[in-house]
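Worksheet: one structure, shown below.
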Amino acid sequence: MLIFTVYPVLSSFILSFQEVRGIEKTFVGFSNYTRLFQDPVFYKSLLNTFQLLIIQVPIMVSLALLIAVGLHSSMVKGRALFRIAFFMPAITALIAASIVFMILLDEHFGLVNYFLSLFGVEGIKWLTSPFWAKASVILVMTWRWTGYNMVIFLAGLQNIPSDLYEAASIDGAGKVKQFFWITIPQLKPVFIFTVVMSTIGTLQLFDEPFILTAGGPNNATTTITLYLYETGFKYFEFGYASAIAYVLVLITAIISWIQMKLVGDDDK
């Protein structure tokens, strides 16, 4: 714990107040943080990250809940097979999956544009247009993590007492009313967990934009962690990269705390 957690965290924090040139480290105070808040690329990456967060997390959580409710029903046959199928993207190697999506979304030879052309739709620049590049990243993220959150919702649904639904049926409540007045309130702790964890994951998003678009076009899909990576391991500005990392930690902590307060239990 001390070697692999405490020491790296403290070392990185100290490094954020230093400038590294080769093996020499020079203390520069708050210069890295001052530079950070004057950096237009940092603000661009921050905006991109929040756009992905605001759009993707609600879509993914909503889909995960609906799929979980559907697969929890005894009316669905082969539920185990469907559960495995929806969960598979979460354990699929992201590089392999991203290569498949790059082929599918290729502007000239992609299968998606080919199908669109059958309906007279002009080919979309999925990975080279700023708007569609973001949409592509959201698509891949949703495909990858919806099944993961579905499993969490399924676990929550299995813990809801069936007596509640039976009593509601006797009182004349239909399936829709049962969903809004029993299922969703009973899943409140699960909602909190999935939303907070999905938010943290999106704020730390790196793999999808790095592999699919490399942050392009024109930094349209550059996220905070991708910018951190490029700063540290492409330009070797480790002190500045450490400052970015700690600002990201602070942002993540604040947003998670706000979410817990907004959707947490009233008696806490």
Looking only at the aromatic ring of each residue, does the gap between the centers of [Y] and [X] stay below 6.0 angstrom?
X: Phe119; Y: Phe115; value: no
X: Phe42; Y: Tyr227; value: no
X: Tyr240; Y: Tyr235; value: no

For the side chain to side chain contact (heavy atoms under 4.5 Å, CB included) test, which of [options] pairs with [X]?
X: Phe50; options: Thr202, Thr223, Ile251; result: Ile251
X: Ile103; options: Val100, Ile99, Asp106; result: Ile99
X: Leu203; options: Ile200, Thr199, Leu205; result: Thr199

Gap separating the [atom1] atom of [X] from the [atom2] atom of [Y], nearest 0.5 angstrom:
X: Phe206; Y: Phe210; atom1: CZ; atom2: CZ; result: 4.5 Å
X: Glu208; Y: Gln56; atom1: CD; atom2: CD; result: 8.5 Å
X: Glu237; Y: Ser242; atom1: CD; atom2: OG; result: 11.5 Å
X: Leu212; Y: Asp207; atom1: CG; atom2: CG; result: 10.0 Å

With clusters defined by side-chain heavy atoms of hydrophobic residues (ILVMFWY) lying less than 4.5 Å apart, directly or transitively, does [Y] cluster with [X]?
X: Ile14; Y: Tyr246; answer: no
X: Leu63; Y: Val69; answer: no
X: Phe180; Y: Ile170; answer: no

So do [Y] and [X] actually touch side chain to side chain, heavy atoms under 4.5 Å?
X: Phe87; Y: Ile91; result: yes
X: Phe17; Y: Val28; result: no
X: Ile160; Y: Leu187; result: yes

More than 12 heavy atoms from other groups under 6.0 Å of CD1 on Ile3:
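No, the 6.0 Å shell around CD1 holds no more than 12 heavy atoms from other groups.
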[X] (side chain) donor-acceptor with [Y] (main chain) under 3.5 angstrom:
X: Asn218; Y: Ala220; answer: no
X: Asn113; Y: Glu107; answer: yes
X: Ser98; Y: Ile95; answer: no
X: Thr222; Y: Gly215; answer: yes

Candidate pair Met60 and Met141, rule side-chain contact (heavy atoms from CB on, under 4.5 Å), full reasoning
CA-CA 8 Å; Met60 178 182 63; Met141 290 171 62; over 6 Å; no
Short side-chain donor-acceptor distance under 3.5 Å, Gln178 and Ser169:
yes
Can Glu19 and Arg35 be counted as an ion pair, charged N to O under 4.0 angstrom?
no
Hey, could you give me each pair passing ring-ring contact (aromatic ring centres under 6.0 Å, His included) that has a residue in residues 138-173? Not counting sequence neighbours.
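Qualifying pairs, neighbours excluded: Phe101-Trp143, Trp145-Tyr148, Phe153-Phe191.
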